[in-house]
There are 2 protein chains.
Amino acid sequence: MCQDDLVSDVWQRPERRSDALTKARIVEAAITILNAGGADALTFRALAADLSTGAGALYHHVANKGELLSAAAAEMMAEVLADAGSTDPATSIRALTAGVFDEITAHPWLGSQLVAAPWQPAVLQLFDRIGSEVTALGVPEAAQFDAASALVHYILGVASQYDASQHLDQADADRPGFIASSTSPLVGPDSERYPFLVRIEQQLVEHDDRQQFYAGIEIILTGIAALRDTERDSAVGGVQRQEHPCEQLHARTDNRH
Amino acid sequence: MCQDDLVSDVWQRPERRSDALTKARIVEAAITILNAGGADALTFRALAADLSTGAGALYHHVANKGELLSAAAAEMMAEVLADAGSTDPATSIRALTAGVFDEITAHPWLGSQLVAAPWQPAVLQLFDRIGSEVTALGVPEAAQFDAASALVHYILGVASQYDASQHLDQADADRPGFIASSTSPLVGPDSERYPFLVRIEQQLVEHDDRQQFYAGIEIILTGIAALRDTERDSAVGGVQRQEHPCEQLHARTDNRH
DNA sequence: ACACATGTTGGAACTACGTTCCATACTTCT
DNA sequence: AGAAGTATGGAACGTAGTTCCAACATGTGT
């Protein structure tokens, strides 16, 4: 179908006319639409119109909408990760994660996309970068994967809940407004359903999402630091899975069901 | 439009014929479809067919598909949270989170739905329950919100990446297969793009998702335990935001950009 | 009992979007 | 120049969420 990096031909794609459609141009135009109008604004028709072409032509460069979104997210992630860098691993992780947070808050579609398709390139980039920093942090090899996984999944969880602008209309049928900043202060039937949330209601409405995100990162970094200090009784040799060192910190009880 | 819990009338809805459409029946049927065929199988037409009615009739009880999915997820979450309970808070948290993980792996649509709409009822239930357990854990009040938030967001992040069965076809255009169990062992161009992932490749293919999920929970619990032990220099009085105690564990450097 | 008001039902129709198809045009190789 | 293969773009298809509306059931007031 379309020419990709993996074509077995030795034949290089010739340069056609200057306004030729390329995956790069399409993805760039897609990002422009996404940043301007959000995820709903990106349609193949709108994209084709912006590129002065037809919808069908796009399919010679992009397999489907999912690939288009993955590519767009990957490009955004690459830019974020390119900026953030430091000599100190912990500082790097803080800068990295803060950069991702900023990008997601600035462009909510990114958060939605990161959690829409599992293990897409953008997530792999993030995972790899965080894994490298975790390694530099001195975490023993057997725990590096778990440590990076915890950080990445936390970030993705935050990303998933952060496109608050839209989508919250559909969850409102049961609780119109809810913690919508100032409207309904979580009273009435919610008091019985959500005792904890009601108790910390003031923090709920007054808290800063960014500070809370940072706090979560610090919690996980603390936990990772403990991993590093508990290296003693873990075998150094081959890859030992099944029993992760962290499971020796707190004796786990059975919790299947 | 439809009658809900919040009607101001004193008038109670009379019981019509026994096969009357109700939101409860609709949600139940939706869950059946979702569990059987996944998220794609749930259409208003299929749902209407199962209930021997028309699609239009459903809209008198459910505002839109988003509300339907939120309600279905909320019911699943309520069941999971009802089961898991213990006297020891840490044990409770482990049992709770493990239960949610099991439910998500058993019913992948749940994971997708939890991250599709932010702060939907199912997420609030989980947040509230975890918050209560965190409180019982002895975490100081000012840090309870952050601690619960970290756990919930981590779980949501895992949920987002766990419906691996589908959706990964669209991200495959660049890397056909990737870590798809055994097919493409992460070689070729990936070696340069993802140095960390390549290095831990063996763990990647051999690791147990469940064990890694547990490991993440333990990391966060360790970080939360540190929060509890660092209560000393935090004012006990009113709600102090802006500076979370955890931020005093590791001196944060500036990381805006 | 009988009309009226109100809420319910269910099927058709509308709309939007992803995707496919195909005739046309373009570029390069021989 | 002719052949071969790719790119283009617009029409057309299929699907799914949602809306519309006429027929119906239910309860109220007389």
Side-chain angles (χ1 to χ4, degrees), chain A residues 1-4 7-26 29-30 33-34 37-70 72 116-117 166-167 169-170 173, chain B residues 1-4 7-26 29-30 33-34 37-70 72 116-117 166-167 169-170 173:
Chain A
M1 295 277 178
C2 47
Q3 77 309 346
D4 252 339
V7 278
S8 47
D9 304 348
V10 218
W11 182 76
Q12 280 297 64
R13 172 172 54 268
E15 292 151 19
R16 313 231 163 173
R17 42 199 242 265
S18 61
D19 68 328
L21 243 39
T22 63
K23 183 168 179 178
R25 273 192 65 214
I26 294 173
I33 293 178
L34 287 166
D40 290 341
L42 180 65
T43 69
F44 272 78
R45 282 172 237 272
L47 186 55
D50 277 16
L51 291 167
S52 304
T53 182
L58 301 175
Y59 280 85
H60 283 267
H61 303 88
V62 177
N64 50 38
K65 193 173 184 181
E67 189 198 313
L68 181 59
L69 285 166
S70 285
Q166 42 276 50
H167 288 286
D169 41 17
Q170 61 200 24
Chain B
M1 294 276 179
C2 46
Q3 76 309 346
D4 251 340
V7 279
S8 47
D9 304 349
V10 218
W11 184 76
Q12 280 297 66
R13 172 173 52 269
E15 291 152 21
R16 312 229 163 173
R17 43 200 240 266
S18 61
D19 66 328
L21 242 40
T22 62
K23 184 168 179 179
R25 273 192 66 213
I26 294 173
I33 293 179
L34 287 166
D40 291 341
L42 180 65
T43 69
F44 272 78
R45 282 172 237 273
L47 186 55
D50 277 17
L51 291 167
S52 304
T53 181
L58 302 175
Y59 280 86
H60 283 269
H61 303 89
V62 177
N64 51 38
K65 192 173 184 181
E67 188 198 314
L68 181 59
L69 284 166
S70 285
Q166 42 274 48
H167 288 286
D169 41 18
Q170 61 200 22

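All chains are named by letter (A, B, ...) in the order of the sequence lines, taking the proteins before the strands, and each is independently numbered beginning at 1.
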Tell me the interatomic distance from [X], atom [atom1], to [N], atom [atom2], rounded to whole angstroms.
X       : N      : atom1 : atom2 : answer
B/Leu47 : C/dG10 : CG    : C1'   : 14 Å
B/Leu21 : D/dC24 : CG    : C1'   : 15 Å
B/Leu69 : D/dT18 : CG    : P     : 10 Å
B/Leu51 : C/dT8  : CG    : P     : 16 Å

Report task. Compute the bend angle of the helix from C/dA1-D/dT30 to C/dT30-D/dA1 from the end axes (five pairs per end), rounded to 10°. Result -> 10°
Query raised in the report: Once each nucleotide of nucleotides 12-25 of chain C is scored for protein heavy atoms under 4.0 Å, what B/S/- sequence comes out, 5' to 3'?
Result: -B---BBBBB----
Report task. Output the distance between atom CZ (B/Arg45) and atom CG (B/Leu47), rounded to the nearest 0.5 Å. Result -> 12.0 Å
Query raised in the report: When rounded to the nearest 0.5 angstrom, what distance separates CG in B/Asp50 from CD1 in B/Ile26?
Result: 12.0 Å
Query raised in the report: Is a side-chain donor or acceptor of A/His61 paired with a backbone partner of A/Leu21 at a separation under 3.5 angstrom?
Result: yes
Query raised in the report: Judged by atom type as modelled, is there a donor-acceptor pair below 3.5 Å linking the side chain of B/Arg25 to the main-chain atoms of B/Ala20?
Result: yes
Which atoms form the tightest heavy-atom contact between [X] and [Y], and what is the distance?
X       : Y       : result
B/Asn64 : B/Val62 : O-CG1, 3.2 Å
B/Ala48 : B/Ala55 : CB-N, 3.6 Å
B/Ala72 : B/Leu34 : CB-CD1, 4.1 Å

Query raised in the report: At under 4.0 Å, does any side-chain N or O of B/His61 touch on OP1 or OP2 of C/dG7?
Result: no
Query raised in the report: Looking at side-chain heavy atoms only, is the closest gap between A/Leu68 and A/Leu58 below 4.5 Å?
Result: no
